[in-house]
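Report on the following structure.
In this text the structure is predicted, and so the values were computed from the model without any measurement. Computed from heavy atoms alone, side chains included, the values below leave out hydrogens, waters and symmetry copies.
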Amino acid sequence: MSPAADTAALASTSGAPLAPLVAAQLNFVLSQANLPIRVGQIWSGCRDGRYADRFTLAIPFCLDYVYWDFLYNALSPKVAPDVVFGPDDEGFQPLVDFDETGSGEKSCLANWDCRDTGALLSLIKELREFYIEYQKKRAAEVDDARLKFEISTVLSKEGIEVCMVSSNGRPDEVKFAVPLLDLDLAKLVPGCPWKLPQKIHLQAVFPISRSYSSVPSAPRLKLVSTPDLKSFFSVDDVKLPPWLDGMCMAEYLPNLEENLKIQVVEASASIGSRRRFIEALAPTFGRPLEADPVHFVIPLQFPKQQPVLTLESSQHFNAQGLPIMSAPVNDYPWSPRWDPTEMVERIYDFLVDECQTFKKFCSDSIPQQK
């Protein structure tokens, strides 16, 4: 099922609205959770029920989602929902385990209050924590000495998540999601509109080896960030350190985090540099900038990387009736050490000549009318 992120769209497939008490709890989850929980299908347990009373939620876990069904009873909305986990998680029985430890009374289900709009969110958090521990336990039981060592050395890191990756019905890989940088990224970007915490993770996927190898194969490594962070810092541009033979994650992570922290701090400084550059454009190019036939694309790595310029004609149009535009230009004089005013003046001087070349290009692109 493909989850939908629209908070307001809480209509069932049959068109029946959610029972009011249930809707209040679900809306609280979507507006207050610090994880991007999404709603999938909503439906009714009764064929012609007045209210829908069950739904699928996509719960973030290990840089992916798990899909759980929450089954309320519209005829008894005060009762806590049943929860159906994924088909690969038959061994996940959190409430049974909770009861066997003698801690059942501590579960939020033991004191369920249907009038508490936060009740469902509390249940999701509780079950998700159990699921994290369940997957760690599964991974630790894998008969692979190298993986056992990795798990014993990195699982103490706060926030780490592990899961089994199945293929053809049997687990053959273990995926680690390791949170990086003990930084509040929101504080590095004043005025940012981020609603949810922004994170960067290292995804490391280890193959399960059934036999001894003196040089185990390297894991597949990838940096993953929350989507909103990409407008500030693109992890796709980060070159990962090499994974050396015999290395483990406990050795790999410090160097990675040190390099990553430097780049994130530089990206934060780049925001101020870009703002000052934009402010310096106005006196030279005039206001509003959008009226001028020059487009500026300022890269995230500014000022190390210079802006890309595109010229647009306001007098020449192609066969489709669209303004003729130049190819992207970034081969003009540039130094990241210049102050913003000099950067803009150098670009302006370059464009004085470039505009003449572009004007001739536009004239030559249009067939002469007879």
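- Under the 3.5 Å distance criterion, the side-chain polar atoms of Lys148 are matched with a main-chain donor or acceptor of Val142.
- Between the SG atom of Cys46 and the CZ atom of Arg54 there is a distance of 7.5 Å, given to the nearest 0.5 Å.
- Because its NZ or CZ atom is not both nearer than 6.0 Å to the ring centre of Trp334 and within 45° of the ring axis, Arg346 does not count as a cation-pi partner of that residue.
- Other members of the cluster containing Val205 do not exist, because no ILVMFWY side chain is joined to it at under 4.5 Å.
- No donor-acceptor contact under 3.5 angstrom links the side chains of Gln41 and Thr56, judged on distance only.
- Of all heavy-atom pairs spanning Ala58 and Pro60, the tightest one is O-CD, 3.7 Å.
- In this structure, Ala23 and Leu18 approach most closely via the heavy-atom pair CB-CB, 3.8 Å.
- Two residues are said to be in side-chain contact when any heavy atoms from C-beta on lie closer than 4.5 Å; Gln203 and Arg220 fail this criterion.
- Between Asn330 and Pro307, the closest side-chain pair of non-hydrogen atoms is not below 4.5 Å.
- The nearest pair of heavy atoms linking Leu75 to Pro77 is C-CD, 3.5 Å.
- Not a single donor-acceptor pair under 3.5 Å links the side chain of Tyr131 to the backbone N or O of Phe61.
- Using modelled atom types, one finds no donor on one side chain facing an acceptor on the other under 3.5 Å when comparing Gln198 with Ser225.
- For the atom pair CE (Met343) and CH2 (Trp338), the distance works out to 8.0 Å, reported to the nearest 0.5 Å.
- At a threshold of 4.5 Å between non-hydrogen side-chain atoms, the residues Val264 and Ile200 count as touching.
- Among the candidates Lys175, Arg128, Lys199, Lys136, the single residue satisfying the salt bridge (charged side-chain N to carboxylate O under 4.0 Å, His left out) test with Glu161 is Arg128.
- Counting heavy atoms from C-beta on, the side chains of Leu57 and Leu26 come closer than 4.5 Å.
- Of the N and O atoms on the side chains of Tyr72 and Asp82, not one donor lies less than 3.5 Å from an acceptor on the other residue.
- Phe358 CZ to Leu309 CG: the interatomic distance, rounded to the nearest 0.5 Å, is 12.0 Å.
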Pair Leu127-Trp68, side chain to side chain contact (heavy atoms under 4.5 Å, CB included): steps then yes or no: CA-CA 10 Å; Leu127 293 176; Trp68 296 344; 3.8 Å; yes
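- Side-chain contact between His201 and Leu180 is absent, with no heavy atoms from C-beta onward closer than 4.5 Å.
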What do the steps show when you test Tyr252 against Trp243 for ring-ring contact (aromatic ring centres under 6.0 Å, His included), and what is the final call? CA-CA 7 Å; Tyr252 184 80; Trp243 181 281; 5.2 Å; yes
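- From Asn73, atom CG reaches atom OH of Tyr51 across 14.0 Å, with rounding to the nearest 0.5 Å.
- Exactly one of Leu147, Leu202, Leu221 qualifies for a side chain to side chain contact (heavy atoms under 4.5 Å, CB included) with Phe176. That residue is Leu147.
- In terms of heavy-atom proximity, Ser107 sits nearest to Glu126 at OG-OE2, 2.7 Å.
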Can you check side chain to side chain contact (heavy atoms under 4.5 Å, CB included) on Leu311 and Leu351, steps first, answer last? CA-CA 9 Å; Leu311 282 68; Leu351 288 175; 3.9 Å; yes
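- For Lys157, the NZ atom sits in a packed shell: over 12 heavy atoms of surrounding residues, nucleotides or ligands are nearer than 6.0 Å.
- The two residues Val174 and Ala139 come nearest to each other via the heavy atoms CG1-CB, 4.1 Å.
- Between Asp144 and Arg146 there is no salt bridge, since no side-chain nitrogen of the basic residue lies less than 4.0 Å from a carboxylate oxygen of the acidic one.
- In the hydrophobic clustering (ILVMFWY side chains linked at under 4.5 Å, chained through shared members), Val224 is joined by Leu63.
- Salt-bridge annotation for Glu257 and Lys261: absent, with no side-chain N of the basic residue lying under 4.0 Å from a carboxylate O of the acidic one.
- Although no hydrogens or angles enter the test, the distance criterion places no donor-acceptor pair under 3.5 Å between the side chain of Ser76 and the main chain of Lys78.
- Considering only heavy atoms from C-beta on, Leu120 stays 4.5 Å or farther from Phe28 through its side chain.
- The side chain to side chain donor-acceptor pair (under 3.5 Å) check on Asp64 picks up nothing, with sequence neighbours excluded.
- In this structure, Phe206 CZ and Asp172 CG are separated by 14.5 Å, a value rounded to the nearest 0.5 Å.
- Considering every non-hydrogen atom in both Glu354 and Val329, the closest pair reads OE2-CG2, 4.4 Å.
- Annotation: side chain of Ile151 is not in contact with side chain of Met249 (no heavy-atom distance under 4.5 Å).
- Within the 4.5 Å cutoff, side-chain heavy atoms of Ile124 are placed close to those of Ile37.
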